[in-house]
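Data first, discussion second: the structure below is written as structure tokens.
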Number of protein chains: 2
Amino acid sequence: MSDALSLVFGALADPTRRGILARLAEGPAPVTELGRPFDMTAQAISKHLKVLERAGLVTRGRQGQWRPCRLEVEPLDRATGWIEQHRAVWADSLDRLEQEIVRIQEGRHHDQD
Amino acid sequence: MSDALSLVFGALADPTRRGILARLAEGPAPVTELGRPFDMTAQAISKHLKVLERAGLVTRGRQGQWRPCRLEVEPLDRATGWIEQHRAVWADSLDRLEQEIVRIQEGRHHDQD
DNA sequence: GCGATAATCAACCTATCGGTTTATCAACTA
DNA sequence: TAGTTGATAAACCGATAGGTTGATTATCGC
């Protein structure tokens with residue numbers, strides 16, 4: 001699970017980390033502030049930040065005794081890029097038709113879409 | 001890690017599963033065909049499919065002895081939705097300016113908050 | 001200097017992940 | 001009917017994830 005895209009998606013696969021990113025989307029913040037909303041130790045938050053950093057989603061500076069964390073948006077673009085790329089193929093009308101045919105062949109009655 | 005969004009991102013955090021989804025984007029396929037490109041047992045593929053199914057990314061039908069898998073796009077929309085929502089805030093020009101200021105302050109080793 | 005605060009490091013624990021092997025079930029085919 | 005193929009179930013295994021406690025480092029305020 002060491003490729004770049006897996007690291008990004010893996011980092012997003014945790015509500016605490018998504019909460020941290022949501023906070024960072026509004027601007028940089030030190031670690032203690034990032035951890036405040038969560039019922040866990042500062043060490044746990046530090047670990048989550050390391051995961052986010054390894055995925056390239058945050059970078060950390062140094063400002064006195066604080067380590068301000070900053071959101072990096074490029075990995076998020078690559079993530080949405082991957083999804084959209086395949087979603088686009090799927091959404092193609094010809095493929096939709098194909099899907100519908102298979103659905104009918106299966107004898108399943110999905111009235112959705 | 002049991003909330004819906006975490007399940008989706010977690011499912012995407014594996015190259016084998018992304019490969020399976022990429023194939024499914026072109027249309028439904030039975031399990032053996034999905035597993036063909038990968039150097040692992042059918043049981044492992046079956047497990048990956050179970051992960052994808054639990055995340056709502058694929059649904060499985062029954063067609064004789066085959067179990068055709070089909071891509072479900074709605075969870076992908078929720079995933080990109082979450083990312084875009086926060087990316088949008090970050091990309092706001094005012095925030096960008098803020099980030100730039102912090103970056104400059106760090107570079108000059110200021111001790112001001 | 002000292003104590004308090006910000007943050008990390010290290011060790012540990014439990015649960016889950018990603019794969020295997022073995023066995024089982026279901027459906028096609030001859 | 002038997003034999004083959006598609007697919008899953010169950011038990012197992014090493015590695016990692018996500019959290020804890022305890023100790024350590026660095027910087028601030030006084």
Side-chain angles (χ1 to χ4, degrees), chain A residues 1-3 5-21 23-24 28-55 57-70 102 105-107, chain B residues 1-3 5-21 23-24 28-55 57-70 102 105-106 109-113:
Chain A
M1 212 256 264
S2 56
D3 70 283
L5 211 44
S6 296
L7 288 176
V8 174
F9 282 126
L12 292 173
D14 182 280
T16 303
R17 287 195 291 266
R18 286 199 305 277
I20 290 174
L21 291 177
R23 167 60 189 83
L24 285 178
V31 177
T32 37
E33 185 185 330
L34 292 175
R36 196 161 300 140
F38 305 102
D39 185 27
M40 68 183 67
T41 63
Q43 292 92 322
I45 300 294
S46 197
K47 279 193 178 184
H48 281 303
L49 285 171
K50 197 142 74 175
V51 172
L52 291 169
E53 198 175 17
R54 200 159 108 84
L57 285 165
V58 313
T59 52
R60 288 194 258 190
R62 162 81 68 161
Q63 203 170 6
Q65 72 195 119
W66 292 277
R67 303 289 178 78
C69 299
R70 187 175 54 225
V102 170
Q105 284 177 341
E106 285 172 24
Chain B
M1 211 258 261
S2 57
D3 70 282
L5 211 44
S6 297
L7 288 176
V8 174
F9 282 127
L12 292 173
D14 182 280
T16 303
R17 287 194 292 265
R18 286 198 305 278
I20 290 173
L21 291 178
R23 167 60 190 82
L24 285 179
V31 178
T32 36
E33 185 184 330
L34 292 175
R36 195 161 300 138
F38 306 102
D39 185 25
M40 68 182 67
T41 63
Q43 293 90 325
I45 300 294
S46 197
K47 279 193 178 185
H48 281 303
L49 284 172
K50 196 144 75 176
V51 173
L52 292 169
E53 199 174 18
R54 199 159 108 84
L57 285 164
V58 312
T59 51
R60 288 194 258 191
R62 164 79 70 164
Q63 202 170 7
Q65 71 195 119
W66 292 277
R67 308 297 299 278
C69 300
R70 179 163 31 105
V102 171
Q105 283 180 341
E106 280 172 14
H109 193 268
H110 270 215
D111 46 348
Q112 181 225 355
D113 189 11

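Numbers restart at 1 for each chain; the letters A, B, ... are given by sequence-line order, proteins then strands. Just so you know, these numbers come straight off a predicted model, no measurement behind them.
Atom-to-atom, CG of A:Leu49 to P of C:dA6 comes out at 15 Å; the value is rounded to the nearest Å. Straight-line distance from the NE2 atom of A:His48 to the P atom of C:dA7: 16 Å, rounded to whole Å. The distance from atom CZ of A:Arg62 to atom C1' of C:dT8 is 10 Å, rounded to the nearest whole Å. As rounded to whole Å, 12 Å separates atom C1' of C:dC9 from atom CZ of A:Arg60. With rounding to whole Å, B:Trp66 atom CH2 is found 9 Å from C:dA27 atom C1'. If you measure from atom CZ of A:Phe9 to atom C1' of C:dG18, you get 19 Å, rounded to the nearest angstrom. Distance NZ (B:Lys50) to P (D:dA9): 5 Å, rounded to an integer number of Å. Per the geometry, CZ belonging to A:Arg54 stands 10 Å off P belonging to D:dT16, to the nearest Å.
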Worksheet entry | Stepwise side-chain contact (heavy atoms from CB on, under 4.5 Å) test for B:Phe38 and B:His48 | CA-CA 12 Å; B:Phe38 306 102; B:His48 281 303; over 6 Å; no
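Residues B:Leu21 and B:Val58 meet the side-chain proximity criterion, which asks for heavy atoms closer than 4.5 Å. Counting heavy atoms from C-beta outward, B:Arg18 and A:Ser6 have side chains that approach closer than 4.5 Å. Residues A:Arg67 and A:Arg62 meet the side-chain proximity criterion, which asks for heavy atoms closer than 4.5 Å.
Side-chain proximity of A:Val31 to the nucleotides C:dG18, D:dT20, C:dT8 is greatest for C:dT8.
Here CG of A:Leu24 is found 10.0 Å from CG of A:Leu57. Values are rounded to the nearest 0.5 Å.
For D:dA7, neither phosphate oxygen OP1 nor OP2 lies less than 4.0 angstrom from any side-chain nitrogen or oxygen of B:Ser46. Between B:Thr32 and D:dA7 there is a side-chain polar atom (N or O) within less than 4.0 angstrom of OP1 or OP2.
Within 3.5 Å, a donor on the side chain of A:Gln43 pairs with an acceptor on the base of D:dG22, or the reverse.
Residue contacts for B:Thr41: at a heavy-atom cut-off of 4.0 Å it reaches a base atom on one of the strands shown.
With DNA chain D read from its 5' end, the first of the two nearest nucleotides for A:Met40 and B:Glu33 is the one closest to B:Glu33.
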